[in-house]
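Here is the structure we will look at.
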Amino acid sequence: MGKLEKAYAGIDLGGTKILAVLVNGDGKLLGSEERPTEAARGQDAVIATMAEMVGKLAGGQIELQSIGVATAGTLDPADGTVELASNLGWRNVPLGKELERLLGLQVTVDNDANAAAYGEWRAGAGVGTQNCLFITVSTGIGGGIICDGKLMRGRSASAGELGHITIDWNGPRCPCGNIGCLELYASGTAIGRAAASAAAADPVRGAKLLALAGGAAGDITSRHVGEAAKEGDALALEVLKRAGTALGAGLVSAIHLANPEAIILGGGASHIGEPLLGPMREALADRVIPSMGRGVKIVAPRLGAKAGAIGAALMAKAQ
Ligand SMILES: [Zn+2]
């Protein structure tokens, strides 16, 4: 028998799938597994699946030290209770305690966006910085803030909700309760919605987008908008300019709040590239306090979809 290697497990518990990883102390990936969540089976079955996945990954020459879980929703990080997670239909589920009972090891539970920010900071694109912002632009906008070499967690582990900072204080109501949130203007969902209503209002200018979506304005998504923009479609470029400007304005507020060295910008919609990111950089340069904006690097994430699980593992290790 060789010497056992110390390892840390991380689980990203999502509404549709569960991703479990095993990393070493430096965050290097030793193994991973993905299974469907099937939340309809009930909380006990989902938690049993999570424990089973960790047990399977940690077999062999491994000395498992701790388990970290990343999940959406309102949490009590002190005891690992999920207070409310609408994507799972969970209310007051003692997730941390149950996993501890099943696995006999310390379990910590944290917000998924913050865990992804922590993962990218410790083992991905943010390595070497003391202050960085993490922002993902996909169906929604999520984020996390590393400030003075520490993840900002806040009272209920929810700090860094960059998608819900105000862009227009007279804007529409957001499902979160606030008005005129960044997410309503710059998320993939918002980009698709804006393009759909513009194409419905002017089907001649929207011809390209309508063709890509198969004819119905309501079926236009941010992916179609990105495709049309690559071919120089004026309406798509206009929609993305507006979204990119909103994103830049949101980042200005985040920079003024956290004074970062780098911004790690990822998520599906960020792959649209220049038609979205060009206007974003323009708005940033135009609006940010120059001394705070100078030298802020905007970089792509490196851990992809595993950032949350890897971050959760490393956060549990650091406890
Ligand atoms: Zn909101």
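The shown structure was predicted, so the numbers you read here are calculated from the model rather than taken from an experiment.
Using a 4.0 Å cut-off between charged nitrogen and carboxylate oxygen, R41 and E38 count as a salt-bridge pair. For K230 and E227, the salt-bridge test fails: no basic side-chain N is under 4.0 Å from an acidic carboxylate O. Taking 4.0 Å as the cut-off between side-chain N and carboxylate O, R35 and E52 count as a salt-bridged pair. Using a 4.0 Å cut-off between charged side-chain N and carboxylate O, E231 and K208 make a salt bridge. Taking 4.0 Å as the cut-off between side-chain N and carboxylate O, E120 and R302 do not count as a salt-bridged pair. Salt bridge present: R281 and E274 bring a charged side-chain N and a carboxylate O closer than 4.0 Å.
Side chain of D76 to main chain of G80: no donor-acceptor pair is present (N/O by atom type, distance under 3.5 Å, no hydrogens or angles). In this structure, the side chain of H256 engages the main chain of I289 through a donor-acceptor pair within 3.5 Å. Judged by distance alone, the side chain of E63 and the main-chain N or O of L4 form no donor-acceptor pair under 3.5 Å. One N or O on the side chain of S158 and one on the backbone of S156 form a donor-acceptor pair closer than 3.5 Å. A donor-acceptor pair under 3.5 Å is formed between the side chain of N114 and the backbone N or O of A159.
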Query raised in the report: Can you list the steps and then say if N111 with R153 is a side chain to side chain contact (heavy atoms under 4.5 Å, CB included)?
Result: CA-CA 9 Å; N111 170 280; R153 293 170 91 211; over 6 Å; no

Report task. Show your working on side-chain hydrogen bond (donor to acceptor under 3.5 Å, both in side chains) between T81 and N92 and close with a plain yes or no. Result -> CA-CA 6 Å; T81 298; N92 293 322; over 6 Å; no

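Here the shortest heavy-atom pairing between V46 and T37 reads CG2-O, 3.7 Å.
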